[in-house]
Amino acid sequence: MKRILALLFFVFVPFSAQAQITPFSTWANTRGSTLTVWFVDPSTGAFSGTYVNNAAGFECQGAPYQVSGATKGPAVTFTVNWTGVAVPDCKSITIWRGEVVGPTIRTRWQLEYVGSDGKFHRMNGVDIFTKR
Ligand code: BTN
């Protein structure tokens with residue numbers, strides 16, 4: 001019986017975590033930004049969607065930017081290059097790395113941007129997203 005339970009745990013827990021990142025799911029973080037997942041390739045865990053930044057103190061707010069990411073088991077990584085068609089170009093890129101925990105994605109992020117001095121700068125932080 002214990003072996004069957006262990007087998008069920010290792011087979012189904014990873015799938016249930018990966019299954020959280022589903023097409024048409026929207027995730028909001030504590031800064032008011034939203035990640036919307038449109039497409040997920042179930043064979044690779046690759047996904048794409050849009051990210052609307054509403055975080056105070058940052059640029060490129062209120063417009064949808066392309067996001068691409070990958071999920072494997074509970075692990076989630078996604079990236080936004082803050083440029084695109086008909087949206088401001090912030091000359092910056094953010095990568096979030098984290099994991100799905102229940103209805104949340106807990107991440108650490110790294111933002112690389114070109115400052116007013118023309119040089120590259122780096123910022124780090126934490127974002128917690130909750131499924132809407
Ligand atoms: C920029 O200001 O250069 C582009 C926008 C960056 C927004 C950052 S990304 C990490 C943090 N989480 C958010 O939802 N927004 C900020």
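A quick note: this is a predicted structure, and the numbers were derived from the prediction, not measured. Read the numbers this way: they start at 1 and go in the same order the structure lists the ligands and their atoms.
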Using a 4.0 Å heavy-atom cut-off, say whether V80 meets ligand 1 through its side chain, its backbone, both or neither.
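Under 4.0 Å from ligand 1, V80 contributes no heavy atoms.
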Kindly say whether [Y] contributes a backbone atom to a donor-acceptor pair with the side chain of [X] at under 3.5 angstrom?
X	Y	answer
E112	F120	no
T107	W109	no
D127	W96	no
K131	Q20	yes
S33	N54	yes

Considering both backbone and side-chain atoms of [X], is one of its nitrogen or oxygen atoms within less than 3.5 Å of a nitrogen or oxygen in ligand 1?
X	result
W96	no
Y113	no
T94	no
W109	no

Please identify which atoms of ligand 1 are closer than 4.0 Å to at least one heavy atom of [X].
X	result
D127	10 (C), 11 (C), 12 (N), 13 (C), 14 (O)
S92	1 (C), 3 (O), 4 (C)
N53	5 (C), 7 (C), 13 (C), 14 (O), 15 (N), 16 (C)
C90	3 (O)
A55	13 (C), 15 (N), 16 (C)

Parallel, tilted or perpendicular, judged at 30° and 60°: which one describes the rings of F47 and F78?
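If you compare the ring of F47 with that of F78, the planes turn out tilted.
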Between T104 and T130, do the side chains contain an N or O donor and an N or O acceptor separated by less than 3.5 Å?
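Checked: T104/T130 side chains show no N/O donor-acceptor pair below 3.5 Å.
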From W82, F58, Y51 - option closest to atom 13 (C) of ligand 1 by heavy atom
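Selected option, by shortest heavy-atom distance: Y51.
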Do D117 and K119 sit within salt-bridge range, that is, some charged N less than 4.0 Å from a carboxylate O?
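Judged by the 4.0 Å cut-off on N to carboxylate O distance, D117 and K119 do not form a salt bridge.
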Who's the nearest protein heavy-atom neighbour of atom 5 (C) of ligand 1, and how far?
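Minimum-distance protein heavy atom for atom 5 (C) of ligand 1 reads E59 O, 3.4 Å.
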